[in-house]
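Accompanying notes for the structure given below.
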Amino acid sequence: MAKQNIQQVKQRFGIIGVSPELDRAIDVALQVAPTDLSVLITGESGVGKENFPQIIHQYSRRKHGPYFAINCGSIPEGTIDSELFGHEKGSFTGATGTRKGYFEVANGGTLFLDEVGELPLSTQARLLRVLETGEFIKVGSSQVEKSDVRVVAATNLNIAQAIEKGKFREDLFYRLNSVPIRIPPLRDRKEDIPLLFRKFAGDCAEKYMMPPITLTDDAREMLKNFRWPGNVRQLKNITEQISVIEHERVITPEILQKYLPKPDAALPVLASSLRDSDGKAFSSEREILYQVLFDMKKDINDLKSVVKNILEDAASVRSDEKTVLHSPVIAQDKTTVTLPLKYEEVPQKHPHLAEIHDQAEFQEATEVDITNLSLEDAEKEMISLALEKHSGKRKLAANELGISERTLYRKIKEYNLEKL
């Protein structure tokens, strides 16, 4: 591709740089754009991979069709299939209506799947099918639908390692990697670093209406020799920091040194290097969340086991006692028990209680002799007394007995107490 065309692309999409590797990546994007081949863009985080799918789309025959960029890593695993392929009404909880997926609404256009390495294996199988045959099935449907979509994918993962660990399908990799485009890291584009710095400094000065910052020769060399693990994104952030914070507009190595992180400085831990207390490594934030949920489930099960043991111990102690406490559930057996009686008056040896008894309105409870009754007979007797006390009002009787109305209705039918 002619240098003139590459320069026009840089101006149109705001790409800064003269690196031969960058020019090669743009050239490949322009060459593959008129075709329908799938493209896999690789490169470290922050190198600017998002510009190349737009180049491919705008220089293709699909440029008047829809273009969608989807970050596969930001969509929950449970809904990623619905987002990409759509779903039918009632196919899962919350599916209140039929929904079109990206492969349906982008028909005739281009889909950019960023962070494609984060897709679950089940979704990878669906994606492979639609790439090979142009066919997909909505979630909860059995009808095969067609889609004419150009797919451009990008990832910052080492796909070879992901395939080796069983986290990425090898056949999907070869299908996506019809045409590979590699975006070089900033440390391999040293000649572009001063150009990018000047661009970001000028943009910041224009935005905040201040004089732009410039670099001395020594500061420029320091900037070019820095490793830039965060690539273009990190360079932009540091340029903006210096522009806003520093009063001096000419930046010396001493000033620049304050903003460049030390090689051994503590940086935020990457998800791919996170480990638990047992040394297990996590490759994504999704795995961390799953591990936390599993640990919580284990803790809850342990707590349930402890509570169960306490209840069993308490039940064994209670079974040795001769007095049965008030309970909404009475087992259907013939064991004889003795229930505590209700007293009709308050003992007079407590004058203050007697005074309260005189002032308040108490319903006198009838002393019931249910000694030597079976549990079944005792339960029947208690229900009868409660119904009589509340004049057949079953809701009040159920509250008195500490059971639900449904349980009370069942017991009334069981003991033939409908006439009460």
Side-chain angles (χ1 to χ4, degrees), residues 1 5-17 22-43 45-76 79-87 98-119 123-124 126-136 138-139 145-157 172-173 175-183 232-233:
M1 187 67 66
N5 292 337
I6 294 177
Q7 189 61 33
Q8 290 175 353
V9 171
K10 290 180 181 180
Q11 293 176 354
R12 180 176 178 180
F13 293 93
I15 299 175
I16 305 297
L22 180 64
D23 289 350
R24 171 62 180 169
I26 297 174
D27 185 28
V28 173
L30 291 173
Q31 296 284 359
V32 75
T35 72
D36 276 336
L37 294 174
S38 300
V39 179
L40 181 62
I41 302 170
T42 59
S45 178
V47 295
K49 297 187 293 293
E50 62 279 356
N51 289 321
F52 288 82
Q54 297 182 43
I55 295 174
I56 294 171
H57 177 71
Q58 292 298 328
Y59 284 85
S60 72
R61 62 181 178 83
R62 300 172 180 267
K63 62 182 178 180
H64 299 299
Y67 172 85
F68 291 97
I70 302 104
N71 189 321
C72 300
S74 65
I75 304 175
T79 60
I80 183 67
D81 286 351
S82 172
E83 292 287 332
L84 293 178
F85 308 106
H87 65 253
T98 301
R99 182 187 184 279
K100 295 182 179 180
Y102 284 112
F103 273 94
E104 185 173 357
V105 298
N107 190 41
T110 305
L111 274 183
F112 171 41
L113 301 180
D114 196 9
E115 297 186 26
V116 71
E118 300 292 337
L119 286 176
T123 307
Q124 292 179 29
R126 284 174 171 261
L127 179 59
L128 178 62
R129 178 181 179 183
V130 75
L131 288 174
E132 291 182 340
T133 66
E135 297 177 347
F136 67 94
K138 290 182 178 180
V139 177
E145 301 190 30
K146 287 280 189 178
S147 177
D148 177 24
V149 173
R150 169 75 169 286
V151 173
V152 179
T155 181
N156 58 7
L157 297 179
L172 177 60
F173 167 70
R175 189 64 184 80
L176 289 172
N177 201 41
S178 297
V179 177
I181 297 179
R182 177 184 176 271
I183 313 302
V232 178
R233 186 181 296 120

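Count residues from 1 along the sequence.
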Under the side-chain contact (heavy atoms from CB on, under 4.5 Å) test, which residues partner [X], sequence neighbours left out?
X    : result
E145 : E104, F136, K138
V32  : T35, L37, V39, I56, R150, V179
R12  : Q58, Y59
R175 : S38, L128, L131, E132, S178

Note, [X] side chain near [Y] side chain (heavy atom, < 4.5 Å):
X   : Y    : answer
P53 : I41  : yes
T42 : T155 : yes
D23 : K10  : yes
K49 : N156 : yes

Locate the shortest heavy-atom distance separating [X] from [Y]; write the atom from each residue and the value.
X    : Y    : answer
L119 : T123 : CD2-CG2, 4.0 Å
N51  : F13  : OD1-O, 4.2 Å
V139 : S82  : CG2-N, 4.0 Å
L22  : I16  : CD2-O, 3.9 Å
A33  : S60  : O-CB, 3.0 Å
A25  : I181 : CB-CG2, 3.9 Å

[X] side, atom [atom1]; [Y] side, atom [atom2] - distance, nearest 0.5 Å:
X    : Y    : atom1 : atom2 : value
R233 : S45  : CZ    : OG    : 4.5 Å
I70  : F103 : CD1   : CZ    : 7.5 Å
I80  : I75  : CD1   : CD1   : 3.5 Å
F52  : F112 : CZ    : CZ    : 11.0 Å
E118 : L113 : CD    : CG    : 13.0 Å
L84  : R126 : CG    : CZ    : 9.5 Å

Classify the angle between the aromatic ring planes of Y67 and H57 as parallel (below 30°), tilted (30 to 60°) or perpendicular (above 60°).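 Because their plane-to-plane angle lies in the 30° to 60° range, the rings of Y67 and H57 count as tilted.
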Sequence-distant partners of D114, salt bridge (Lys or Arg N to Asp or Glu O under 4.0 Å), two or more places apart: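 In terms of salt bridge (Lys or Arg N to Asp or Glu O under 4.0 Å), with neighbours along the sequence ignored, D114 is linked to no residue.
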Run the salt bridge (Lys or Arg N to Asp or Glu O under 4.0 Å) test against K100 and tell me which residues pass, sequence neighbours left out.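 Salt bridge (Lys or Arg N to Asp or Glu O under 4.0 Å) check on K100 returns nothing, list empty.
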With a 3.5 Å distance limit and no angle check, can you tell me whether N107 reaches the backbone of D148 through a side-chain donor-acceptor pair?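 Flag set: sc N107 to bb D148 pair under 3.5 Å.
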If you count heavy atoms of other groups shown closer than 6.0 angstrom to NZ of K146, is the number above 12?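 More than 12 within 6.0 Å, yes.
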D36 vs R61, test: side chain to side chain contact (heavy atoms under 4.5 Å, CB included). Steps then yes/no. CA-CA 9 Å; D36 276 336; R61 62 181 178 83; 2.3 Å; yes
Could you walk me through whether V149 and Y102 satisfy the side chain to side chain contact (heavy atoms under 4.5 Å, CB included) test, starting with their C-alpha distance in whole Å, then the side-chain angles of each, then the deciding distance to 0.1 Å, before giving a yes or no? CA-CA 9 Å; V149 173; Y102 284 112; over 6 Å; no
